[in-house]
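Taking it in order: structure first as structure tokens, then the write-up.
In the text below, chain A, chain B and the rest are named by the order of the sequence lines, each starting its count at 1.
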Amino acid sequence: MSSEIKITLPDGSSLSVEADSSIYDIAGKIGKKLQKAALVAAVNDRLVDLFFHIKENTNLKLFTFASAEGKDAFWHSASHLLAQAVKRLFPGAKFAIGPSIENGFYYDFEVERNFTPEDLEKIEAEMAKIVAEDIEVVREEMPRQKAIEYFSSMGESYKVELLMDLPDGTVSLYRQGEFVDLCRGPHLPRTSYIKAFKLLSIAGAYWRGDEKRPMLQRIYGTAWPTKEELDAHLKHLDEVEKRDHRKLGRELDLYSIHEETGAGLILWHPKGARLRHIIETFWREEHYKNGYDLVYSPHIGKSTLWDTSGHLGFYSENMYSPMDIDGQDYYVKPMNCPFHIMIYKSRGWSYRDLPLRWAELGTVYRYERSGVLHGLLRVRGFTQDDAHLVCRPDQMPDEIDRVLDFCLYMLRSFGFSDFKVYLATRPGEKFVGDEAMWSEATRALRESVERAGIDYEVDEGGGAFYGPKIDIKIKDALGREWQCSTIQFDFNMPERFDVTYVGSDGQKHRPYMIHRALLGSIERFVGVLVEHYAGRFPMWLSPVQLVLINVVSDAAERTARLRDEFAARGLRVESDLREETIGYKVRDAIEKKVPFVGVIGKKEMESGSVSVRRRGENASRTIPVDEFAALLETEAARKS
RNA sequence: GCCCACGUAGCUCAGUCGGUAGAGCAUUUGCAUGGUAAGCAAAAGGUCACCAGUUCGAUUCUGGUCGUGGGCUCCA
């Protein structure tokens, strides 16, 4: 009676099954193991649930937790599990959205009182109960209008709002026991699939990310197919915490922030200052090599300057209150550009003088809302590795190529290869300059990125009002992306300051101005560097490259002399002559993540050598002093 | 700025159901001359973030301020 249909699998093989079989049953025919591991499926590339019934010949692909699709469904189902538990414990709760995210999920609720950590435990327990109940998850479909009525009757105003924004037609609902949610799916077939989970945190989150709308209660969680995987993930989170630059910054004595000095203001300790000095020296040298000139500008400027630049109009909420100097208002600078423009305007320029490339490690101060401050990564006072390029239109594409190459060279020098590039285009409404300039500049940016052969994403409408830009972001230890490099066109400043050059025709012309930062800010860059290397800096960046340890007091003098000799050769060396055991001092040096530890005792004194221990190795090896110095110099000269 | 949590010695953390506090590490001193991830001992170190309120009495309870952490929004 029932006819057979042909199912084609991704490997090209096919099997014949009874028409109207569920995918779950078909999976069983392929293999029991796969049937157990499968979470969702794709039928002719459309994602569906396992209880979807196939009626005709089709392609079928099954997804387990190993795939992105499987994980997504798993975490999304976990968020429904969370929501069901919340519904049971807090019947008055209203439901907003609950998507899967990287390594987990969240769900936003509106509740009468805010959640407490104890609530989290209760909710977790209830979730475990629902898992044990092994409730079937059922997909339902209904016309949008009917769904609106249905959710209205339950008082689910957020769901109704979501439905209003959907195109008219059929929408899907997922029901598990007494709980039902508006959802596109797909979902896991039963609640028992979610074997191991943990709720991680409670946070406030604005409805639809809009701070003018209600603040909802968000619960974050993670879920895994087995307890082992959950434990492994939690352990991973622990390890990520260990490379947090705030923790390492203290342990390595790089910097501190004090309540007494002010939030978001960095105090650089000697070791951190040394690191900065290394970075900044390299930066300056490379800029001179790459056709830049360096300039310096003051920390404050008169209000008329910021008025002309437009900052008082469009950036004032980020600027600190003015100070009165001889009856005039002066502002601490939030940006360096107006000063660089004033340098430009100090004389006239010919088309033959362009391009100009002026760079400055300029320290700026910006008001950041208290809730966003974060170690070195988000501060109120920071040093931008700023530069402004002024060029003729015909030079512009070449300048973009140059600056992008330079940027990638710098990032790679510091060991970064994993970054994301975004091309931000013209915003929809508010923007300056004419469309031709925008499209020409945007095309130049795009072509340059493509020539460099790097992947990028287009951030449509994400440009500043004054010009399109390329942003390069680097990931921190917690997987958060931080913007470092930025290359931005500025159509606004040249206009406002009437920046011109004299062309071959003897007429005044408006040049292109490009604002760029390669490392972004020194503060943020150091923060990202610390996490990138987990504090184990390569030789050329290590504030201390070598610690020399004496075994007995007899060797102290010799150790101090060697320290001076190494220092004279330009190596960053410290000696530890404390009256402590050698094990104690070695341990101390290891904890400070110093690349090399050198031990000097009787034997080394007699043979003119050092017992050398490399970071990460447990064994030591005795090397003649000169050979050791040469080794250190070779390693210190290497950038990667 | 908003939501939640937190703030005890330089660091990591105990503790006090309201009667002015404790450990380990670090520091100092003494002993130990010790050979590659913590030698032994002693001492010193705290306005329990700050300011109000309640109380006979507040580090503990309440409120506010500042700061920190996780988010949201915003940004290098």
Side-chain angles (χ1 to χ4, degrees), chain A residues 106 108 111 113-117 119-120 200-220 241 244 246-247 250-251 253 256-264 315 317-318 334-335 362 364 366-386 464 471-474 478 480 482-486 488 515-525 527-528 549-556 579-591 597-604 611-614 617-622:
Chain A
Y106 69 79
D108 285 347
V111 276
R113 74 167 171 84
N114 291 320
F115 291 126
T116 64
D119 291 333
L120 234 48
L200 297 172
S201 62
I202 309 164
Y206 300 107
W207 169 234
R208 296 198 148 177
D210 184 344
E211 61 182 318
K212 290 183 192 68
R213 310 204 65 180
M215 177 157 280
L216 308 172
Q217 287 278 297
R218 175 173 296 178
I219 295 178
Y220 283 93
E241 224 172 272
D244 191 312
R246 292 163 300 183
K247 184 180 158 67
R250 187 171 46 241
E251 286 171 4
D253 202 13
S256 59
I257 304 171
H258 301 264
E259 198 174 331
E260 292 85 343
T261 36
Y315 207 70
E317 70 275 16
N318 290 295
M335 292 188 194
V364 297
R366 298 181 184 173
Y367 172 70
E368 297 286 352
R369 304 208 271 180
S370 61
V372 306
L373 300 175
H374 184 90
L376 290 174
L377 299 183
R378 189 79 182 268
V379 294
R380 284 181 172 158
F382 57 97
T383 301
Q384 288 186 307
D385 70 314
D386 210 357
D471 287 337
I472 300 178
K473 299 186 182 186
I474 297 177
L478 297 159
R480 291 176 292 210
W482 292 94
Q483 183 177 321
C484 291
S485 320
T486 186
Q488 315 186 337
H515 167 109
R516 51 110 278 201
L518 306 184
L519 312 180
S521 83
I522 302 297
E523 285 74 6
R524 175 173 292 179
F525 193 72
V528 175
I549 291 169
N550 62 321
V551 180
V552 290
S553 51
D554 293 349
E579 294 283 313
E580 290 288 351
T581 60
I582 178 158
Y584 180 90
K585 294 198 278 190
V586 166
R587 179 190 152 87
D588 210 44
I590 289 170
E591 285 193 332
V597 177
V599 173
I600 295 131
K602 268 202 186 71
K603 283 182 279 178
E604 290 76 14
S611 169
V612 177
R613 183 175 164 137
R614 240 175 214 275
E617 290 176 6
N618 288 325
S620 59
R621 144 176 110 88
T622 302

query = With sugar-phosphate meaning primed atoms plus P, OP1 and OP2, does E604(A) contact a base, only sugar-phosphate, or nothing at under 4.0 Å between heavy atoms?
reply = base

message = Taking the P atom in each of C40(B) and A26(B), what is the distance between them to the nearest angstrom?
response = 10 Å

inquiry  = Over all strands shown, is V379(A) touching base, sugar-phosphate only, or nothing at heavy-atom distances under 4.0 angstrom?
reply    = base

Please write out each protein N/O paired with an N/O of nucleotides 64-67 of chain B under 3.5 Å, distance rounded to 0.1 Å.
residue, atom, partner, partner atom, Å
C66(B), O2', E259(A), OE2, 3.2
C66(B), O2, E259(A), OE2, 3.0

Set of side-chain contact (heavy atoms from CB on, under 4.5 Å) partners for Y584(A), sequence neighbours left out = R578(A), E580(A), T581(A)

query = Taking the C1' atom of each, how far is G35(B) from A5(B), in whole Å?
reply = 49 Å

query = When all nucleic acid strands are considered with a 4.0 Å heavy-atom cut-off, which category describes F525(A): base, sugar-phosphate, or nothing?
reply = nothing

ask   = When all nucleic acid strands are considered with a 4.0 Å heavy-atom cut-off, which category describes K602(A): base, sugar-phosphate, or nothing?
value = base

Sequence-distant partners of I590(A), side-chain contact (heavy atoms from CB on, under 4.5 Å), two or more places apart = V586(A), R613(A)

request  = Tell me, please, which residues at least two apart from A555(A) pass side-chain contact (heavy atoms from CB on, under 4.5 Å).
outcome  = N550(A), T559(A), I600(A), M605(A)

ask   = What integer distance in Å separates Y106(A):OH from C72(B):C1'?
value = 10 Å

Rounded interatomic separation in angstrom, taking CD1 from I600(A) and P from G35(B) = 16 Å

query = Can you tell me if the side-chain N/O atoms of T581(A) get under 4.0 Å from OP1 or OP2 in G39(B)?
reply = yes

request  = Give the rounded distance in Å between these two atoms: CG of L216(A) and P of C4(B).
outcome  = 13 Å

query = Looking only at heavy atoms, what is the nearest atom pair of A589(A) and V597(A), with distance?
reply = CB-CG2, 3.7 Å

message = Base, sugar-phosphate or nothing for E579(A)? Non-hydrogen atoms, less than 4.0 Å.
response = base

query = With a 3.5 Å cut-off and just heavy-atom distances, do the side chain of E317(A) and the base of G1(B) make a donor-acceptor pair?
reply = no

task = Could you list the residues that satisfy side-chain contact (heavy atoms from CB on, under 4.5 Å) with E251(A), not counting sequence neighbours?
result = K247(A), L248(A)

task = Using the C1' atom on both, measure U27(B) against G64(B) and round to a whole Å.
result = 37 Å

task = Not counting sequence neighbours, which residues clear salt bridge (Lys or Arg N to Asp or Glu O under 4.0 Å) with D385(A)? List them please.
result = none

inquiry  = Taking the C1' atom in each of A32(B) and A38(B), what is the distance between them to the nearest angstrom?
reply    = 15 Å

Please write out the pairs of protein N or O atoms and N or O atoms of nucleotides 73-75 of chain B separated by less than 3.5 Å, giving the distance to one decimal.
residue, atom, partner, partner atom, Å
U73(B), O2', E211(A), OE2, 3.1
U73(B), O2, R369(A), NH2, 2.9
C74(B), O2, R378(A), NH1, 3.3
C74(B), O2, R378(A), NH2, 2.3
C74(B), N3, R378(A), NH1, 2.9
C75(B), O2, R378(A), NE, 3.4
C75(B), O2, R524(A), NH2, 3.4

key: Watson-Crick and G-U pairing of RNA chain B written in dot-bracket, each distance under 3.5 angstrom, with | for inter-strand partners   = (((((((..((((.....[..)))).(((((.......))))).....(((((..]....))))))))))))....

ask   = Within this structure, what is the CH2-to-C1' distance between W207(A) and C3(B), rounded to whole angstrom?
value = 17 Å

note = Residues at least two apart in sequence or cross-chain that pass ring-ring contact (aromatic ring centres under 6.0 Å, His included) with Y206(A), listed by chain then number, are none

Report each atom pair, protein N/O against N/O of nucleotides 9-11 of chain B, whose distance is under 3.5 angstrom.
none

remark   = Taken in chain and number order and not counting sequence neighbours, the residues that satisfy salt bridge (Lys or Arg N to Asp or Glu O under 4.0 Å) with E604(A) are none

remark   = For residues 371-383 of chain A, the salt bridge (Lys or Arg N to Asp or Glu O under 4.0 Å) pairs (sequence neighbours left out) are E368(A)-R378(A)

query = For atom P, what is the distance between G70(B) and G63(B), given to the nearest Å?
reply = 25 Å

message = I want to verify a distance call: between A26(B), G70(B), A37(B), whose nearest atom is closest to the V586(A) side chain?
response = A37(B)

